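Note that the structure is predicted; figures quoted are calculated from it, not measured.
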Amino acid sequence: MCGIVGIVAKDDVNQALFDGLTVLQHRGQDAAGMVTCQGGRFHLRKDNGLVNEVFRTRHMRKLKGNMGIGHVRYPTAGSSSAAEAQPFYVNSPYGIALAHNGNLTNTKALAKEIFRSDLRHINTNSDSEVLLNVFANELQRLGKLKPQADDIFTAITQVHKRCRGGYAVIGMITGYGIMAFRDPHGIRPVVYGKKETEQGTEYMIASESVALDISGYTLIRDLAPGEAIYITQEGEVHTRCCAEKTSLHPCLFEYVYLARPDSIMDGISVYKARLMQGELLAEKVLRDHPDHDIDVVIPIPDTSRTSAMEMANALGVKFREGFVKNRYIGRTFIMPGQQLREKTVRRKLNPIELEFKGKNVLLVDDSIVRGTTSRQIVKLAREMGAKKVYFASAAPAVRFPNVYGIDMPSASELIAHDRTDEEVGELIGADWIIYQDIEDLVKSTQGGESNIDIFDCSVFDGQYVTGDVDENYLNSIDAKRNDAAKQQDETAVSNETNDMHNRL
């Protein structure tokens with residue numbers, strides 16, 4: 001889960017890119033980067049940290065140019081080192097910068113292929129750098145001195161043939177324009193829009209429509225699965241489907257947790273989807289617990305607030321804000337390391353005793369992944385004097401790893417894996433637990449202007465739409481990307497950094 005943004009304008013784009021990345025900060029809090037193009041030269045700034053930490057005034061002054069791309073990262077592959085912050089850059093051909101949201105499922109094979117056949121060196125463990133080199137090599141094979149739209153689309157067609165997985169990509173070619181494309185299954189989101197100015201029409205591409213809203217761009221539409229868009233530095237727009245076989249299977253978890261509620265993706269209002277999630281979950285509570293004794297519904301802020309509010313309304317029960325959130329603490333779900341997640345929960349949420357003491361409380365969260373936050377919050381509710389603590393999840397049980405760009409790589413770290421709902425309830429300390437049915441979650445998300453029949457529901461049902469994920473693959477990424485492996489990687493990076501400082 002990362003955030004991408006790109007702009008072709010008539011004036012400097014650095015501030016608009018900064019604003020876009022700021023509202024996409026929820027998609028990644030580990031690192032941020034931006035590259036702009038002026039006079040045929042790139043200006044790049046990237047580092048670990050939040051957007052407002054990475055880009056200071058002295059950096060913004062150097063990021064000149066009327067087109068540029070940006071990225072916010074949270075690590076799903078590779079390490080959290082600053083070297084793996086995006087965008088990545090290669091200088092052949094032309095000079096190309098690229099940022100990527102998602103995850104390739106054939107990275108290892110591609111990396112070997114790039115080295116042996118394409119004679120290109122990969123400097124990091126990031127699949128984004130692999131993807132960039134695949135695209136650059138395909139473009140170089142065409143041997144054009146000045147790339148045209150047809151050349152860009154031809155190269156992207158070859159990328160789709162070589163790369164597998166879920167990906168939304170945005171790139172920039174020095175002095176020519178920016179391009180973006182979406183994987184043939186449309187798993188990861190990407191939209192584009194325009195803005196009319198006195199100087200002419202400007203264009204913006206981003207992961208979510210909210211990034212367009214903040215800078216006054218009007219949403220045109222989502223990119224279709226396998227579709228690419230190329231916008232020249234002068235503002236000419238070209239689009240084409242570059243994949244032979246396409247099908248729209250957007251990630252269902254985007255609508256549960258990842259996206260902002262004020263975004264519209266694939267014609268679906270995230271806010272409306274979450275309202276319906278709450279309504280349908282309330283119906284299930286009434287079916288399973290018709291004589292419930294719930295006194296109050298309390299959301300676990302922030303993502304679950306919309307669902308919890310509608311749930312309380314449907315149940316005829318009071319809705320109350322029982323937790324005050326420290327907004328300067330990042331999203332615990334995307335924090336690396338179990339110990340850090342556990343420590344952060346109490347720093348992030350402070351309960352209001354008045355809303356718990358002597359009451360039967362229904363806590364509502366968007367989902368339960370590792371169970372770390374849920375267990376801590378149930379404990380907090382009891383410490384505040386709640387008589388009974390019930391727990392509702394607006395999503396079904398997360399039982400399977402995600403391989404398309406969300407940090408759920410290890411099945412053994414998912415609390416619901418190989419456990420019944422009742423066992424999960426016992427583990428988090430709830431009096432009873434209730435999950436959304438997957439059929440209801442799909443129903444809540446279908447609507448608006450969308451015609452989506454099948455979502456990527458792999459974290460819930462273990463069905464991987466790309467058809468190339470088997471048990472061997474899942475075991476291999478589990479060994480590399482569980483919390484223990486990540487901690488080992490981070491230690492190695494830290495030791496390498498210390499060694500370098502000692503030598504200086």
Of all residues at least two apart in sequence or in a different chain, which pass the salt bridge (Lys or Arg N to Asp or Glu O under 4.0 Å) check with [X]?
X: Lys108; answer: none
X: Asp431; answer: Arg382
X: Asp291; answer: none
X: Lys284; answer: Asp437

### Query
For residues 415-424, which residue pairs qualify under salt bridge (Lys or Arg N to Asp or Glu O under 4.0 Å), counting only residues two or more places apart or in two chains?
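Applying salt bridge (Lys or Arg N to Asp or Glu O under 4.0 Å) to every pair that reaches into residues 415-424, excluding sequence neighbours, yields Arg399-Asp421.
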
List the residues meeting side chain to side chain donor-acceptor pair (under 3.5 Å) with [X], not counting sequence neighbours, and say none if there are none.
X: Tyr217; value: Glu202
X: Glu426; value: none
X: Thr466; value: Tyr404, Asp468
X: Lys357; value: none

### Query
Looking at Arg240, Arg182, Arg221, which one forms a side-chain hydrogen bond (donor to acceptor under 3.5 Å, both in side chains) with Glu227?
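The option that passes is Arg221.
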
### Set of residues satisfying ring pair (Phe, Tyr, Trp, His ring centres under 6.0 Å) with respect to Tyr167, sequence neighbours excluded
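Tyr167 satisfies ring pair (Phe, Tyr, Trp, His ring centres under 6.0 Å) with His160 only.
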
### Query
Can Glu208 and Arg27 be counted as an ion pair, charged N to O under 4.0 angstrom?
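Salt bridge: yes.
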
### Query
Using 4.0 Å as the upper bound for N to carboxylate O, is an ion pair formed by Glu439 and Lys443?
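Salt bridge between Lys443 and Glu439, a charged N being under 4.0 Å from a carboxylate O: no.
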
### Query
Which residue pairs satisfy the ring pair (Phe, Tyr, Trp, His ring centres under 6.0 Å) criterion with at least one member in residues 414-442, sequence neighbours excluded?
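Every ring pair (Phe, Tyr, Trp, His ring centres under 6.0 Å) pair that includes a residue of residues 414-442, provided the two are not neighbours, is His289-Trp432, Tyr390-Trp432.
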
### Message
Give me each pair satisfying ring pair (Phe, Tyr, Trp, His ring centres under 6.0 Å) with a member in residues 347-386, each pair once, sequence neighbours excluded.
### Response
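Passing the test, one end in residues 347-386: Phe323-Phe356.
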
### Query
Would you call the rings of Tyr230 and Phe153 parallel, tilted or perpendicular if under 30° counts as parallel and over 60° as perpendicular?
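The arrangement is perpendicular - the two ring planes meet at more than 60°.
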
### Message
Ignoring hydrogens and geometry beyond distance, is a side-chain donor-acceptor pair present between Arg162 and Asn106 at under 3.5 Å?
### Response
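Note: Arg162 and Asn106 side chains miss the donor-acceptor criterion.
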
